[in-house]
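Just so it is clear, the values below take in all heavy atoms, side chains as well, and ignore hydrogens, waters and symmetry mates. By convention here, the first residue in the shown sequence is residue 1.
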Amino acid sequence: MDDGLSDNHRRVIASGILIVDAAAVRMLDLLEDRNSPAAMKTIEGSVTESEREQIRAGLLQLQTLITAFVRKCDLQPSKRNLRRILASDVSQIWVALEDTRPARIRGYGAMPISSAESLEADLQEMLLLANRLRALLSS
């Protein structure tokens, strides 16, 4: 490609291509049913096998084009540290659990004491696990 691209141009272009690439990967994971099980998120609706194959083929072609484009523009891939990603996600888990405690959601109305105690016990168990994960990732 024309060497007229500045580093700023390359960073902006790389950011856009990163979003495109990530979306393609998520879509392929959905089509291939390569998703981790989730208790609170289910996928509904469907595509026919023919549509699935056409979408998959298009996404694989897109990824080939992205790879060539990255080389052509001399774009630098996004590098992320696995430990930092995991630690960040565990921190989000911890915050969400803390924000769900009965004392924190008091403003949403009265909760029977037995429900509050049960909720607190369940959340405490999850918080203990989150804290163990945080400690493991901080070492």
With sequence neighbours excluded, residues passing side chain to side chain donor-acceptor pair (under 3.5 Å) with Asp29: Arg34

Residue list, side chain to side chain donor-acceptor pair (under 3.5 Å) with Asp99, at least two apart or on another chain: Arg104

Partners meeting side chain to side chain donor-acceptor pair (under 3.5 Å) with Ser6 (sequence neighbours left out): His9

Members sharing Ile113's hydrophobic cluster (side chains within less than 4.5 Å): none

Ser118 side chain to Ser114 backbone, donor-acceptor under 3.5 Å: no

Within one Ile-Leu-Val-Met-Phe-Trp-Tyr cluster: Tyr108 and Leu119, side-chain cutoff 4.5 Å: yes

Residue list, side-chain contact (heavy atoms from CB on, under 4.5 Å) with Arg80, at least two apart or on another chain: Ser78, Ile85

Pairing residues for Asn8 by the side chain to side chain donor-acceptor pair (under 3.5 Å) criterion, not counting sequence neighbours: Arg11

Going by atom type alone, with no hydrogens or angles, which donor-acceptor pairs under 3.5 Å involve a side-chain atom of residues 121-133 and a protein atom two or more places apart or on another chain?
| unit_1 | atom_1 | unit_2 | atom_2 | d |
| --- | --- | --- | --- | --- |
| Gln124 | OE1 | Arg101 | NH2 | 2.9 |
| Asn131 | OD1 | Trp94 | NE1 | 3.3 |
| Asn131 | ND2 | Leu127 | O | 3.3 |

Could you give the side-chain donor-acceptor pairs of residues 53-61 under 3.5 Å, partners two or more places apart or in another chain?
| unit_1 | atom_1 | unit_2 | atom_2 | d |
| --- | --- | --- | --- | --- |
| Glu53 | OE1 | Arg56 | NH1 | 3.0 |
| Glu53 | OE2 | Arg56 | NH1 | 2.2 |
| Gln54 | NE2 | Ser50 | OG | 3.1 |
| Arg56 | NE | Glu32 | OE2 | 2.2 |
| Arg56 | NH2 | Glu32 | OE2 | 3.2 |

Pairs meeting criterion salt bridge (charged side-chain N to carboxylate O under 4.0 Å, His left out) with involvement of residues 14-27, two or more places apart: none

Residues that Leu82 engages under side-chain contact (heavy atoms from CB on, under 4.5 Å), provided they are two or more places apart: Leu86

Residue pairs, two or more places apart or on separate chains, that pass salt bridge (charged side-chain N to carboxylate O under 4.0 Å, His left out) and touch residues 39-52: Glu49-Arg52

Side-chain donor/acceptor of Ser88 to backbone N/O of Arg84, under 3.5 Å: no

Residue list, side-chain contact (heavy atoms from CB on, under 4.5 Å) with Ala116, at least two apart or on another chain: Pro102, Met111

